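The next block holds one structure in the form of structure tokens; read it before the comments.
Whatever order the structure lists ligands and atoms in, that order sets their numbers, starting from 1. Quick caveat, the model's predicted, so the values are computed rather than measured. We count residues from 1, following the sequence as given.
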Amino acid sequence: MVLANREPYSHERVNGDIVIQQPASGLVTGIEPLLVATGGVWIAHGSGSADRAVVDERSTVPVPPDEPAYSLRRIWLTEDEVSGFYEGAANEALWPLCHLAFTKPTFRPRDFETYRAVNRKFVEAAVDATRGETIVLVQDYHFALVPAMLRERGSRAPIHLFWHIPWPPAEVFQLCPWDSELLRGMLGADIVGFHSLRYCRNFVESCSRILECEADFDELTVRLDGRTTRVRRYPISIEWPMETASREEGMQVREQLGIPGHIHLSVGVDRVDHTKGLLERLAGVERFFELYPNWKRRYVFMEVASPSRMAIESYRLLNEMLVAETERINERFSEGEWKPVLLERRTLSPPELRAHYAAADSGLVTPLHDGMNLVAKEYVASCVDDRGILILSEFTGAAEELTEAILINPYDADGIAHAIHQAIVMPEREKRERMRKLRKKIAEHTIYDWAADILGDSIEIMENR
Ligand code: ADQ
């Protein structure tokens, strides 16, 4: 059984017809095969405009649509619930709390009440959907209270909670007025998973400071009220080999954008989010042209930015600033047809995304803080002939593994500028050598390994009960 906010398939009404959409998501890629193999159930917020039209009396629909193998059970949320639970408690409180990006979290008591109520709704559906021996995989910061609530309802199932975003140092987590309730909720799980060992340690430290519990920093376990929770690292990854676009498809993108082959093109791909360091990236590009003006007309940075969480005002504002900064930098440096920055604000289809990666000479990934960052891995996977170079923020989970990237501090505009220069002038042999090593690392640990490790550890819990 999987509990996640996002559903693997949504049904949408388009011009009177019902069409099925599948969000591009690493989570679905990694976890769906487990549910297909076991005939399990995925419980998620039913957010599609035609979702209600296709379900049975248990709000359930068989999926995948082409060859049904497991059940998708939909939870209906009111507008107020979406606003309090998803936008408020999850995205305005917990998201900024866990990311050290200096965005102040907003802790509204009402939002947390709604968060609690929605967590309870998912738990009731989970209890109702349980048939026989079950392993429960809970996904992300939307559902911190679910594990303990499941225990209260008598569940003895192995529960695995995976937290896809960072866990901050204890001093930061303590800012949260709901700290103790959140931790107690999470510790209902047998295993709490994070992308990085640092987040695991931060979590154990938070438990030890905030709760009266036994925290073991060597074993990474927390014992509370007679139950032990293991804290484990599971770095998420991508499919391998990943589907890629050909060089020709990459060239077509460059033609459409008016970027001839001799121009070095860096590409960034992100949701528009404060944590992704988009304005800092632009500051780095601007600094590059100040420090290396002879690269005018020979370098272009392209950002493909997908607007997200637009119901939250600070996200709308960030979108506006991104557009304004791009225009300002372009006005400052443009010469003739050449513009230093191209901004496309939309979500690319998977083939378009692959073609954009194929068009790039380098990938520019500069989050201020990021649990893992899959774009870094996708870019590396797209460099099939070992050509290309990755510039990566040291404050991403990915940087712990992808050490052959050019690592930068996203707050250091000079550092980003020098890294861009280094990426352009680095000898081809060195680039290939670095890329070969990066590719090997990802090939050896794919999204399927991530899911298998989570399932394997959960089965072990089940067997030792
Ligand atoms: P995200 O914050 O969403 O994920 P990331 O890991 O980079 O960040 O994944 C984003 C995904 O969306 C990638 O697969 C990317 O290709 C796609 N995407 C982004 N912008 C796009 C665009 N404009 N067009 C098309 N596709 C786009 C959270 C955490 C991460 C963690 C993941 C998985 O914040 O740290 O890596 O979960 O655990």
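Within the 4.0 Å heavy-atom criterion, the part of Trp95 lying near ligand 1 is the side chain and not the backbone. Residue-level proximity to ligand 1 for Asp270 is carried by the backbone, the only part with a heavy atom below 4.0 angstrom. At a 4.0 Å heavy-atom cut-off, ligand 1 touches Ile236 through the side chain alone.
Among Gly268, Cys98, Ser306, the residue whose heavy atom lies nearest to atom 22 (C) of ligand 1 is Ser306. Taking only non-hydrogen atoms, the option from Arg354, Glu344, Arg271 nearest to atom 3 (O) of ligand 1 is Arg271. Closest to atom 7 (O) of ligand 1 by heavy atom, among Val269, Thr396, Leu353, Leu374, is Leu374. Summarising the contacts of atom 15 (C) of ligand 1 with His164, Glu378, Glu303, the nearest heavy atom is found in Glu378.
Look at His195 and you'll find a heavy atom under 4.0 Å from some atom of ligand 1. Using a 4.0 Å cutoff on heavy atoms, Trp450 does not count as a contact of ligand 1.
A search for salt bridge (charged side-chain N to carboxylate O under 4.0 Å, His left out) contacts involving Glu32 returns nothing, not counting sequence neighbours.
Look at Glu303 and Arg345 and you find no salt bridge, because none of the NZ, NE, NH1 or NH2 atoms lies under 4.0 Å from a carboxylate O.
Each of the following atoms of ligand 1 lies closer than 4.0 Å to a heavy atom of Lys276: 1 (P), 2 (O), 7 (O), 8 (O). Counting the atoms of ligand 1 from 1 in the order shown, those under 4.0 Å from a heavy atom of Val375 are 7 (O), 15 (C).
A donor atom on one side chain and an acceptor atom on the other are found under 3.5 Å apart for Asp449 and Thr446. Judged purely by distance below 3.5 Å, without hydrogens or angles, the side chains of Ser362 and Tyr379 never pair a donor atom with an acceptor atom.
For the salt bridge (Lys or Arg N to Asp or Glu O under 4.0 Å) with Asp386, the qualifying choice from Arg439, Arg432, Lys440 is Arg439, the only one to do so.
Applying the ring-ring contact (aromatic ring centres under 6.0 Å, His included) test to pairs two or more places apart or on separate chains, those with a residue in residues 229-254 are His160-Tyr234.
Among the atoms of Met372, some N or O lies under 3.5 angstrom from an N or O of ligand 1. Checked against a 3.5 angstrom limit, the closest N/O atoms of Thr347 and ligand 1 fall outside it.
Ring pair Trp163/Tyr141 is perpendicular by interplanar angle, where above 60° counts as perpendicular and below 30° as parallel.
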